[in-house]
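What follows is a single structure, written as structure tokens, with notes after it.
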Amino acid sequence: VELEEASLATTVRSHFPILSTKIGEDPSSAKDLIYFDSAATSQKPSYVIDALSDYYTTLNSNVHRGAHTLSQKATTKYEAARDSIRSLINAPSRNEIIFTSGATEAINLIASTYGRANIQQGDEIIISELEHHSNIVPWQILAEEKGAIIQYIPLDPRTGCLDLSVLPTLLSSNTKIVSIQHVSNVMACINPIDDIVTLTRSIAHPSVKIILDACQSVPHMPVDVQQLNVDFIVASGHKMCGPTGIGFLWGNEDVLNDMPPYMGGGEMIDEVYMDRSTYAKAPARFEAGTPAIAQAIGLGAAIDYLNSEEVGGMPRVYKYEKELAEYFMKRMSDVEGITILGPGVGVDRAAIVSFVCDDVHPSDLSTFLDMEGVAIRAGHHCCQPLHRALGYSHSARASLYFYNTKEEVDQFIEVLRDTLKFLGGGGGGIGGDDDDFVPFI
């Protein structure tokens, strides 16, 4: 099998220094790293690493607050990153891009500002059973505080996707917020956002706000906020070749300017008196204090890299990853002794394969795979309700990005089979409640 866009991975691998890492203390037996954990965080190209170093060595200064040369140059770079995000997601205005520490903070920002100002007792919030904890817990906190009701779209165990047949029964004139993943970080299903938006806007309260967790879509496919017709999207930079500690919130400019501030302090004010304050308009309203300047510049560099001639932009990334995902699923479906979670072969899905083993615990599997140089993730992937619905406490997850190759997939399959054969029969299955395992993931 030849992948049409395979040259993308072979072209870009040298851009990522960490991919040449050897795993193992003995150089004579060290293994080449196979990094299959990009859904947790992506690796960083030299272009991004150099942008961070360049900021600290040549531009280090606070932004927006100085007339001197360093401050002006740092501000230009920082704001250029905002423009890069605006262009990436086709936002109407740069003022609609809010820098946050990541998607988790972005969702909490919406819940704490728009939510507290607009949600009342008896209002309804709809999420899904597939959500990451960062798209569950903030709404639970808000609902408890306001007396709101949380409804959820369940998993359809037959398809491994959302059971959208239930959505019309959940929606009502009391529905004020719908917050949903674009792509599941466990099941790999790509949710039909157009259908969800159309149905929601036809039944829910006229002021309903639709929030899209785009952490697993923005790094992997073209995302156009104007076509999606949602009200907010959130994403994290570290999953798209950028640094940790930076992400963004996009929202309609008028809606953002009607929302109260998230935090008080410098930068977010218009006028401050001893008895009152007025607030700046977005984006400054939601960026109190000294921002994560280097990280924002790094995120801007990551977007520039993804759009570079060598990478070819998000359409090429999506095309290659779709090919790679299809090949990966076909190879995984031939492995005996595992159950793959999510849609089956032939269904469009992200380059993520979560799976459980008949006789091997995910923690044991990931540990032994690491000895062979293979990095995957084991745990509940911040999706405990989903795993409970599936009947498992944890799963193993292999997740790919555009720097991974078909050859790595083949090598992974070989190592996986050998490891399962070695560990099989140990009685280490994952039934029951294994709450002592990997509590942080």
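Numbers here simply count residues along the sequence, with the first being 1.
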Inset, instruction - Check whether any side-chain N or O of R377 sits under 3.5 Å from a backbone N or O of D37 as a donor-acceptor pair, and report yes or no. - result: no
Inset, instruction - Sort and list the pairs that fulfil side chain to side chain donor-acceptor pair (under 3.5 Å) and have at least one residue in residues 102-114, not counting sequence neighbours. - result: S101-E105
Legend entry - Contact summary for Q72 and A67, nearest pair of heavy atoms: NE2-O, 3.0 Å
Inset, instruction - Considering non-hydrogen atoms only, spot the tightest contact between H182 and A214 and give its length. - result: CB-CA, 4.3 Å
Legend entry - I293 versus S61, closest heavy-atom pair with distance: CD1-O, 3.6 Å
Inset, instruction - Any chance you could measure L171, atom CG, to I196, atom CD1, to the nearest 0.5 Å? - result: 10.0 Å
Inset, instruction - Taking the six-membered ring for Trp and the single ring otherwise, decide whether the centroids of F36 and F328 are under 6.0 Å apart. - result: yes
Legend entry - Electrostatic pair E129-R388, nearest N-O below 4.0 angstrom: no
Inset, instruction - With the side chain counted from C-beta on, respond yes when H133 and P385 share a heavy-atom pair under 4.5 Å apart, and no when they do not. - result: yes
Inset, instruction - Please confirm whether the backbone N or O of V63 pairs with a side-chain atom of S71, one donor and one acceptor, at under 3.5 Å? - result: no
Inset, instruction - Indicate yes or no: at least one non-hydrogen side-chain atom of L341 is less than 4.5 angstrom from one of V186. - result: yes
Legend entry - Of all pairs that satisfy salt bridge (charged side-chain N to carboxylate O under 4.0 Å, His left out), the ones with a partner from residues 138-157, not counting sequence neighbours: R116-E145, D156-R158
Inset, instruction - Rounded to the nearest 0.5 Å, what's the gap from CD1 on I210 to CD1 on I233? Could you check? - result: 13.5 Å
Inset, instruction - State whether the side chain of S308 and the backbone N or O of Y305 hold a donor-acceptor pair below 3.5 Å, judged by distance alone. - result: yes
Legend entry - Aromatic plane relationship, H361 with H394 - under 30° parallel, 30 to 60° tilted, over 60° perpendicular: tilted
Legend entry - F402 ring center near H220 ring center (under 6.0 Å): no
Legend entry - Side-chain heavy atoms of W139 within contact of I177, under 4.5 Å: yes
Inset, instruction - For T58, check side-chain hydrogen bond (donor to acceptor under 3.5 Å, both in side chains) against everything at least two apart and list the hits. - result: D54
Legend entry - Expected output: side-chain E124 to main-chain I149 donor-acceptor under 3.5 Å: no
Legend entry - Heavy atoms of other groups near Q411 CD, more than 12 under 6.0 Å: no
Legend entry - Within-4.5 Å side-chain heavy-atom neighbours: S179 and L212: no
Legend entry - Non-neighbouring partners of E5 that pass salt bridge (Lys or Arg N to Asp or Glu O under 4.0 Å), sequence neighbours left out: R316, K319
Inset, instruction - Please list, chain by chain and in numerical order, all residues satisfying side chain to side chain contact (heavy atoms under 4.5 Å, CB included) with I269, sequence neighbours excluded. - result: V272
Legend entry - Side-chain (E323) to main-chain (E4) donor-acceptor, under 3.5 angstrom: yes
Legend entry - Nearest-0.5 Å distance that lies between atom CE in M314 and atom CD1 in I89: 12.5 Å
Legend entry - Chi angles and distances behind the side-chain hydrogen bond (donor to acceptor under 3.5 Å, both in side chains) call for Y327, D410: CA-CA 10 Å; Y327 180 73; D410 292 338; 2.4 Å; yes
Inset, instruction - Identify the two heavy atoms, one from L400 and one from N404, that lie closest to each other, and give their separation to 0.1 Å. - result: CA-OD1, 3.3 Å
Legend entry - Flag, side chain of H15 to backbone of S46, donor-acceptor distance under 3.5 Å: no
Legend entry - Heavy-atom side-chain proximity of F248 to V234 below 4.5 angstrom: no
Inset, instruction - Decide yes or no on side-chain hydrogen bond (donor to acceptor under 3.5 Å, both in side chains) for Y403 and S38, but give the supporting numbers first. - result: CA-CA 10 Å; Y403 42 62; S38 291; 2.6 Å; yes
Inset, instruction - May I have all residue pairs that pass salt bridge (charged side-chain N to carboxylate O under 4.0 Å, His left out) and include part of residues 205-217, sequence neighbours excluded? - result: none
Inset, instruction - Please examine the side chains of R86 and S84, heavy atoms only from C-beta on, and report whether any two atoms are closer than 4.5 Å. - result: no
Inset, instruction - State whether the side chain of R285 and the backbone N or O of M259 hold a donor-acceptor pair below 3.5 Å, judged by distance alone. - result: yes
Inset, instruction - Answer yes or no: is there a donor N or O on one side and an acceptor on the other, between the side chain of Y392 and the main chain of H380, under 3.5 Å? - result: no
Inset, instruction - State yes or no: are the ring centers of H132 and H381 separated by less than 6.0 Å? - result: no
Legend entry - side chain to side chain contact (heavy atoms under 4.5 Å, CB included) against D123, all qualifying residues, sequence neighbours excluded: I119, Q120, K176
Legend entry - Straight-line distance of N185 CG to C382 SG, nearest 0.5 Å: 7.5 Å
Legend entry - Near-ring test Y78/H64, centroid separation under 6.0 angstrom: yes
Legend entry - Other residues, nucleotides, ligands: >12 heavy atoms within 6.0 Å of E2 CD: no
Inset, instruction - Can you run down the side chain to side chain donor-acceptor pair (under 3.5 Å) pairs that involve residues 229-239, sequence neighbours left out, and say none if there aren't any? - result: T41-H238, R201-D231
Legend entry - Under the side-chain hydrogen bond (donor to acceptor under 3.5 Å, both in side chains) test, residues paired with Y318 that sit two or more places apart: D348
Inset, instruction - Establish, from distance only, whether the side-chain atoms of S128 and E131 form a donor-acceptor pair under 3.5 Å. - result: yes
Legend entry - Side-chain (E408) to main-chain (I34) donor-acceptor, under 3.5 angstrom: no
Legend entry - Note, N60 side chain near L70 side chain (heavy atom, < 4.5 Å): no
Legend entry - Under the side chain to side chain contact (heavy atoms under 4.5 Å, CB included) test, residues paired with D83 that sit two or more places apart: R94
Inset, instruction - State the CD1-CE distance between I338 and M332, to the nearest 0.5 angstrom. - result: 3.5 Å
Inset, instruction - Indicate the atoms forming the closest heavy-atom contact of S399 with I352, along with that distance. - result: CB-CG1, 3.9 Å
Legend entry - Distance in Å, I211 CD1 paired with I180 CD1, rounded so as to fall on 0.5 Å steps: 10.5 Å
Legend entry - Set of side chain to side chain contact (heavy atoms under 4.5 Å, CB included) partners for A282, sequence neighbours left out: I98, L256, N257, F286
Inset, instruction - Using atom types as modelled and distance alone, determine if a side-chain donor or acceptor of T278 lies under 3.5 Å from a backbone N or O of E271. - result: yes
Inset, instruction - For P260 and A117, work out which heavy atoms get closest and say how close. - result: CD-CB, 4.0 Å
Inset, instruction - State which residues pass salt bridge (Lys or Arg N to Asp or Glu O under 4.0 Å) with R276; sequence neighbours excluded, sorted by chain then number. - result: none
